[in-house]
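Okay, structure first, notes after.
The sequence lines fix the lettering, A, B, ..., with proteins before strands; numbering per chain opens at 1. The basis for the numbers below is simple: all heavy atoms, side chains too, and nothing from hydrogens, waters or symmetry mates.
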Amino acid sequence: MRRGFFELPTIELARELIGCLLVHETRAGRICGRIVETEAYLHDDPASHSCRGRTQRNAAMFGPPGRAYVYLVYGMHLCFNVTSAPEGVGEAVLLRALEPLEGQREMRRRRGAVSERDLCRGPGRLSEALGIGREHDGVGLARGALRIEPGPASGRIVAGPRVGIRLAAARALRFRVAGSTWVSRG
DNA sequence: TGAGTGATTGACT
DNA sequence: GTCAATCACTCAT
């Protein structure tokens, strides 16, 4: 990833992450998908975990940019975020959907017998398909077994309201590839 | 120490 | 299209 990429302002990073590759080198082989949908979560954002200050759970959001923030939601699903903003500022970008590129066999072993389209369509699904766990919370994403890599140019990117939240849901902080069959909604 | 809550998914109609 | 499952985390006792 080019130098300074993760230092981009959170909203720009959310847009720039579209088209990049999320790679996980596992013992079972390389698993890889192209990012097609993201959401930005800002420090002054009532929908963000960080808006009420640092806690044990959201500590990674307040760390340096370019790290993983992995948390459990609804008691059963993991969500994978890329931290952004300088150390001390709690912001991150949620990855909501991937287009599977490599390791579909391994994804399916984790996800069960689902259609190709449903392997990584949704934040909980992509975490499961890539084998992301709580042990990845706080790890750097510039290098290492789990990392972000530059990807080919994607199609047109459109912004819209975020999904699955009540507070500040109307803000256009969700980005996706227009018309992609791999995004979780619309 | 315990109740309320939720950045979702999968099963079902 | 609707709805229940299920539990870590937070905040209020």
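Within the structure, no pair that satisfies the ring pair (Phe, Tyr, Trp, His ring centres under 6.0 Å) test touches residues 96-122 of chain A, not counting sequence neighbours. For residues 86-108 of chain A, no residue pair satisfies the ring pair (Phe, Tyr, Trp, His ring centres under 6.0 Å) rule, not counting sequence neighbours. Within the structure, ring pair (Phe, Tyr, Trp, His ring centres under 6.0 Å) contacts touching residues 95-126 of chain A (residues at least two apart or in different chains) do not occur. The side-chain hydrogen bond (donor to acceptor under 3.5 Å, both in side chains) pairs that include a residue from residues 80-89 of chain A are A/Thr10-A/Ser84, where partners are two or more places apart or lie in different chains. Identified under the side-chain hydrogen bond (donor to acceptor under 3.5 Å, both in side chains) test for residues 134-151 of chain A, with sequence neighbours left out: A/Glu25-A/Arg147, A/Arg147-A/Glu149.
With A/Ser180 as the fixed residue, the side chain to side chain contact (heavy atoms under 4.5 Å, CB included) test singles out one of A/Val158, A/Val36, A/Ile157: A/Val36. Of the residues listed (A/Thr38, A/Val93, A/Leu8, A/Ile11), the one engaging A/Glu16 in a side chain to side chain contact (heavy atoms under 4.5 Å, CB included) is A/Leu8, and it is the only one.
Not a single salt bridge (Lys or Arg N to Asp or Glu O under 4.0 Å) links A/Arg15 to another residue, sequence neighbours left out. The salt bridge (Lys or Arg N to Asp or Glu O under 4.0 Å) test applied to A/Glu91 returns no partner, not counting sequence neighbours.
The distance from atom CD1 of A/Ile35 to atom CZ of A/Arg96, rounded to the nearest 0.5 Å, is 14.0 Å. Distance check: A/Leu22 CG to A/Leu98 CG gives 5.5 Å after rounding to the nearest 0.5 Å.
If you check residues 9-17 of chain A against DNA chain B, you find no residue with a heavy atom closer than 4.0 Å. Residues of residues 83-117 of chain A having a heavy atom closer than 4.0 Å to DNA chain B, listed by number: A/Leu94, A/Arg96, A/Arg111. If you check residues 34-52 of chain A against DNA chain B, the residues with a heavy atom closer than 4.0 Å are A/Tyr41, A/Ala47, A/His49, listed by number.
For the pair A/Met61 CE and B/dA7 P, the interatomic distance rounds to 12 Å; values are reported in whole Å.
When all heavy atoms of A/Cys79 and A/Val73 are compared, the closest pair comes out as SG-CG1, 3.8 Å.
At least one side-chain heavy atom of A/Cys120 sits under 4.5 Å from a side-chain heavy atom of A/Met107.
Every stem involving DNA chain B, taken as at least 3 paired positions in a row under the Watson-Crick or G-U wobble test at 3.5 Å, is listed here: B:1-6 with C:7-12, B:8-12 with C:1-5.
Judged purely by atom type and a 3.5 angstrom limit, A/Arg111 uses its side chain to pair as donor or acceptor with the backbone of A/Asp118. Side-chain atoms of A/Ser48 do not come within 3.5 Å of backbone N or O of A/Asp44 as any donor-acceptor pair.
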- [ ] Can you check each nucleotide of nucleotides 2-9 of chain C against protein heavy atoms at under 4.0 Å and return B for base, S for sugar-phosphate only, - for none, in 5' to 3' order?
- [x] ---BBBSS

